[in-house]
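Structure, as structure tokens:
Values below: every heavy atom of this structure, side chains too, minus hydrogens, waters and symmetry copies. Since the structure is predicted, the reported quantities are computational estimates derived from the model, not experimental observations.
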Amino acid sequence: MTRLTHVKHGPYAPPVAVRELAAVSADGARLHVEVHGPLENTAAPVVVLVHGWTCSTAYWAAQIRDLSVDHRVVAYDQRGHGRSPASAACTADALADDLEAVLAATLAPGEKAVLAGHSMGAMTLMAAAGRAGFREHAAAVLLCSTGSSRLVAESLVVPLRPGRARTWITRKVLGSRAPLGPVTPISRRILKYATMGPGSSPVMVEACARIAHACPTRVRHAWSHVLDSLDLDHGVRKLTVPTAVVVGAADRMTPPVHARALAAALPDCVGVSELAGVGHMAPVEAPQAVTARIRGLVTTYVRARRDELEEAGA
């Protein structure tokens, strides 16, 4: 299980959940789930946040703090991350199973939510797009800093021309078994270069470094192999709910070429936001922009739809 070494103070310190529970996935894997916001207000719209590779619920601290004022916010640790125990099953299907388990454990039958995923979290949404549990609960989706295939080949982390050499080196770097060790000035610089925009503040870098360095080496390594061979192009075509795409213009991990490909393939793309100067960690680097996009999806596809149904039933 991951050591919890996230920042303790400031805007990226994780808020305290009003409820914690364990969702049990199809293979018995237990997932740590947090619920934030006004539990007593059953009319509060629901947002489900799904974090990416090497992260945890702490990654969404800024979004949880903002949205939980008037939304019920569900966040969970992917298997092997945060407080969810590691599992031998590391596959896209396992991620989809886990999401379905979390939705079943936290939402009422038929209850709709906006689902937002970052990086591997967004890939989770693509993997689950054809599932019954996903279709039951998804009102709209946000895909943030992500891609559906060719993740290693398109990565710009290694500053070489595209080709076999860059792909081979990138695969070795991202799939390294070497432990990240403690957070140091050098490790912060490396993480900032690889995953964040040049203008990201020390506070942002520190928050991301602490979260990523807390991920166990074997978990980081195992999921790197899944990302290397991932092909979810079929999942994108099944993502028929309204879907927004967000990407940092300076994202080296999943550069904007992925966002444009997603927008072209999605059955119902409702906009692509390319954030100037922002890297791969958009929810941390540009929290207001990402939160605003989530709020917009809630207003258009949850609140407005609820109002229409109430008027029709009046």
Do [X] and [Y] touch side chain to side chain, with heavy atoms closer than 4.5 Å?
X    : Y    : answer
R188 : V183 : yes
C269 : L262 : no
S119 : H280 : yes
P287 : Q63  : yes
T54  : W223 : no
V114 : V302 : yes
D97  : D27  : no
V203 : V7   : no

Notebook entry, point to check: Does a side chain donor of either T146 or H258 reach within less than 3.5 Å of an acceptor in the other side chain?
Noted result: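 No, no side-chain donor-acceptor contact under 3.5 Å.
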Is it true that [X] and [Y] fall in one hydrophobic cluster, defined by side-chain heavy atoms closer than 4.5 Å?
X    : Y    : value
L107 : L125 : yes
L151 : V247 : no
I211 : L180 : no
V158 : W168 : yes
L21  : L39  : yes

Side-chain donor or acceptor of [X] paired with backbone N/O of [Y] under 3.5 Å:
X    : Y    : result
Y12  : V284 : yes
S200 : G197 : yes
D77  : T57  : yes
E20  : E34  : no
T243 : V241 : yes
R65  : P11  : yes
R166 : P159 : no
D231 : D233 : yes
R171 : V152 : no
E285 : M281 : yes

I need the [X] [atom1] to [Y] [atom2] distance, nearest 0.5 Å.
X    : Y    : atom1 : atom2 : value
C144 : I294 : SG    : CD1   : 8.0 Å
R220 : H225 : CZ    : NE2   : 11.0 Å
M126 : L95  : CE    : CG    : 11.5 Å
R83  : L31  : CZ    : CG    : 13.0 Å
L232 : S149 : CG    : OG    : 8.0 Å
H137 : R131 : NE2   : CZ    : 13.5 Å

Item checked: Qualifying residue for ring pair (Phe, Tyr, Trp, His ring centres under 6.0 Å) with Y59, from H6, H51, H118 ->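 The single option meeting the ring pair (Phe, Tyr, Trp, His ring centres under 6.0 Å) with Y59 is H118.
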Checklist line | N-O pairing of R295 and D70 below 4.0 Å | finding: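 Here R295 pairs with D70 in a salt bridge, since their nearest N and O are under 4.0 Å apart.
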Next item on the list: Mark yes when over 12 heavy atoms from residues, nucleotides or ligands other than R135 sit less than 6.0 Å from its CZ; otherwise mark no.
Entry: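 Above 12, so yes.
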Next item on the list: Apply side-chain contact (heavy atoms from CB on, under 4.5 Å) to W60 and V47, showing your working.
Entry: CA-CA 12 Å; W60 294 107; V47 173; over 6 Å; no
Notebook entry, point to check: Given the rule in the side-chain contact (heavy atoms from CB on, under 4.5 Å) test, do L143 and L239 qualify, once you have shown the distances and angles that lead to the verdict?
Noted result: CA-CA 11 Å; L143 302 178; L239 201 48; 4.0 Å; yes
Which heavy atom in [X] sits nearest to a heavy atom in [Y], and how many Å separate them?
X    : Y    : answer
A138 : L115 : CB-CD1, 3.8 Å
P38  : A44  : CG-CB, 4.0 Å
V219 : C215 : CG1-SG, 3.9 Å
V48  : A113 : CG2-CB, 4.2 Å
L275 : A282 : CD1-CB, 4.3 Å
G133 : L103 : O-CD1, 3.9 Å

Note to self: Suppose we call two aromatic rings close when their centres sit under 6.0 Å apart. Are H32 and H81 close by that rule?
What the structure shows: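 Not close enough - the centres of the two rings lie 6.0 Å or further apart.
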Next item on the list: Evaluate the side-chain contact (heavy atoms from CB on, under 4.5 Å) criterion for residues C208 and L191: first the C-alpha distance (whole Å), next the side-chain angles of each, then the deciding distance (0.1 Å), finally the verdict.
Entry: CA-CA 8 Å; C208 289; L191 179 134; 3.9 Å; yes
Next item on the list: Check step by step if side-chain contact (heavy atoms from CB on, under 4.5 Å) holds for M123 and L227.
Entry: CA-CA 9 Å; M123 297 166 203; L227 300 178; 3.6 Å; yes
